[in-house]
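See structure below.
Every chain is numbered from 1, with letters handed out A, B, ... down the list of sequences. Treat the numbers as computed from the prediction; the structure is a model and nothing was measured.
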2 protein chains.
Amino acid sequence: MNKSEALSERAGNETSDLSKARLRAWLQILKVSRKIEGELREKMRLEFGSTLPRFDVLAALYRERDGMRMSELSKSLMVSNGNVTGIVDRLVAEGLVVRMPVENDRRASIVRLTKAGEKDFAERALVHEGWVSDLFSDLSSGDADALIRILRNISHHNEAPHHD
Amino acid sequence: MNKSEALSERAGNETSDLSKARLRAWLQILKVSRKIEGELREKMRLEFGSTLPRFDVLAALYRERDGMRMSELSKSLMVSNGNVTGIVDRLVAEGLVVRMPVENDRRASIVRLTKAGEKDFAERALVHEGWVSDLFSDLSSGDADALIRILRNISHHNEAPHHD
DNA sequence: CATAGATATTTCAAACTTAAAATATATGTG
DNA sequence: CACATATATTTTAAGTTTGAAATATCTATG
């Protein structure tokens, strides 16, 4: 704690200007992400008859064409295991992904895009990028870089410590 | 569309560097907000036996001590009307808020903190601010200001156009 | 005053989400 | 091999969230 923080917190129950600035920053992040997510959710529903969580799963699988385990998917998306089970169930029902057995491990399964899933996602991804760019049309290249730099700092600090 | 965008998009199906930078920025916002929300959710549950949505409602009502209508609450929190109904039901059951009739309008109701709700929230808010400050401990004062400025630009551009 | 349309809220069904329990399978140790 | 422990996934219960339909009430217009 630096000198001015120590001074401003001498009563014990107050919070520093810095902590208030960080709280404001967090609330602003929350506001933007809710607004943008809401817009994207509506577009997904109207244009694709689909949802953001399903798009996120397809996107992850599109980056890993050989497929991913359920546990890899949930780690990559930062959601619970049980959550992914339901989303994948629906994508299987839609014919966009398949579950495949894993050699030598009957507990696990690999989830992969089907041909239809690849085709659908490739089309949707382009449209999606356009939506995002429109929603962020006031974001200059420089500000985008600054934003990414600052946010990376935050997420690196909060990275889950891996066991080794 | 500027010259370089026109050039880089001449095939019709490509996307510009700027749109890719904006997409990366959006994904980074999403990553940070998921991570932080997850951390805060867990702390809320363990320390307060409560949830983020309830905290958000209490926070809104703490700012408006005279209470808010359900519709004001849902607009302020950017969630649906039906959503707020459920959260408020639970807060009423916990004794933290009350619904009061509105003079001259029997459709509406005003939701207000109870004494217990005020007391609980005041305590929780301080602890919450500390959690946020810790999670953002790598965020300097200058970066916080930059972040807020950039994000405000984005949210202003996406402000819901009000009818007049 | 009747009543059509607007507004405020709740209800509802479906999907998403979590944390914890349950299930199934693998692996290491005696 | 037996069995304890670890791992991968699904199931379950509770809560959150949405969008649409249903209710209830209000307001303006003829």
Legend entry - Polar side-chain atom of B:R124 near backbone of B:F55 as donor-acceptor pair, under 3.5 Å: no

Legend entry - Minimum-distance nucleotide (side-chain atoms of A:R45 versus D:dC26, D:dG19, C:dC16): D:dG19

Legend entry - Shortest side-chain distance from A:R54, nucleotide among C:dA15, C:dT17, D:dT9: C:dA15

Legend entry - Step-by-step side-chain contact (heavy atoms from CB on, under 4.5 Å) determination, A:I154 to B:D138: CA-CA 6 Å; A:I154 297 167; B:D138 278 1; 5.7 Å; no

Inset, instruction - Give a yes/no on whether any side-chain N or O of B:S71 is located under 4.0 angstrom from OP1 or OP2 of C:dT7. - result: no

Inset, instruction - For the pair A:R112 and A:E64, find out whether any cationic side-chain nitrogen is under 4.0 Å from an anionic carboxylate oxygen. - result: no

Legend entry - A:D120 bridged to A:K115 by N-O distance under 4.0 Å: no

Inset, instruction - Send over the distance from A:L77 CG to C:dC16 C1', rounded to a whole Å. - result: 13 Å

Inset, instruction - Please tell me which of the listed nucleotides, D:dT11, D:dT18, D:dT16, lies nearest to the side chain of B:S80? - result: D:dT18

Legend entry - Protein-nucleotide distance (B:M68, atom CE; C:dA8, atom C1'), rounded to Å: 15 Å

Legend entry - d(CD1, B:I87; C1', C:dT9) in whole Å: 15 Å

Legend entry - Axial cation check for B:F48 ring with B:R45, 6.0 Å and 45° limits: no

Inset, instruction - Take atom NZ of B:K75 and atom P of C:dA8, then tell me their distance rounded to the nearest Å. - result: 8 Å

Inset, instruction - Could you check which of D:dT16, D:dC26, C:dT10 has an atom nearest any side-chain atom of B:D105? - result: D:dC26

Legend entry - OP1 or OP2 of C:dC16 under 4.0 Å from side-chain N/O of A:T51: yes

Inset, instruction - Can you tell me the distance, in whole Å, between the CG atom of A:L52 and the P atom of C:dA14? - result: 21 Å

Legend entry - Selected nucleotide, minimal atom distance to B:A108 side chain, candidates C:dA15, C:dT17, C:dA8: C:dA8

Inset, instruction - Would you mind reading off the distance between A:N104 atom CG and D:dA8 atom P, rounded to a whole angstrom? - result: 14 Å

Inset, instruction - Would you mind telling me which of B:Q28, B:R34, B:K35, B:K31 makes a side-chain hydrogen bond (donor to acceptor under 3.5 Å, both in side chains) with A:S155? - result: B:Q28

Legend entry - Along DNA chain C (nearest heavy atom to each residue), the more 5'-positioned of B:I110 and B:G38: B:I110

Legend entry - Nearest-nucleotide comparison on DNA chain D, the residue closer to the 5′ end among B:R106 and B:G82: B:G82

Legend entry - C:dT9 base / B:R107 side chain donor-acceptor hit below 3.5 Å: no

Inset, instruction - Looking at every strand, decide which applies to A:R90 at a 4.0 Å heavy-atom threshold: base, sugar-phosphate, or nothing. - result: sugar-phosphate

Inset, instruction - Using the closest heavy atom to pick a nucleotide of DNA chain D for each, name whichever of A:N83 or B:G86 lands nearer the 5' end. - result: A:N83

Inset, instruction - Pick base, sugar-phosphate or nothing for A:R99, based on heavy-atom distances below 4.0 Å to the nucleic acid. - result: sugar-phosphate

Legend entry - Spacing of A:N81 atom CG relative to C:dA22 atom P, expressed in whole Å: 17 Å

Inset, instruction - For A:D89 and C:dC16, give me the distance from atom CG to atom P, rounded to whole Å. - result: 11 Å

Inset, instruction - Give a yes/no answer on whether the side chain of A:R41 brings an N or O atom under 4.0 Å of OP1 or OP2 in C:dA15. - result: no

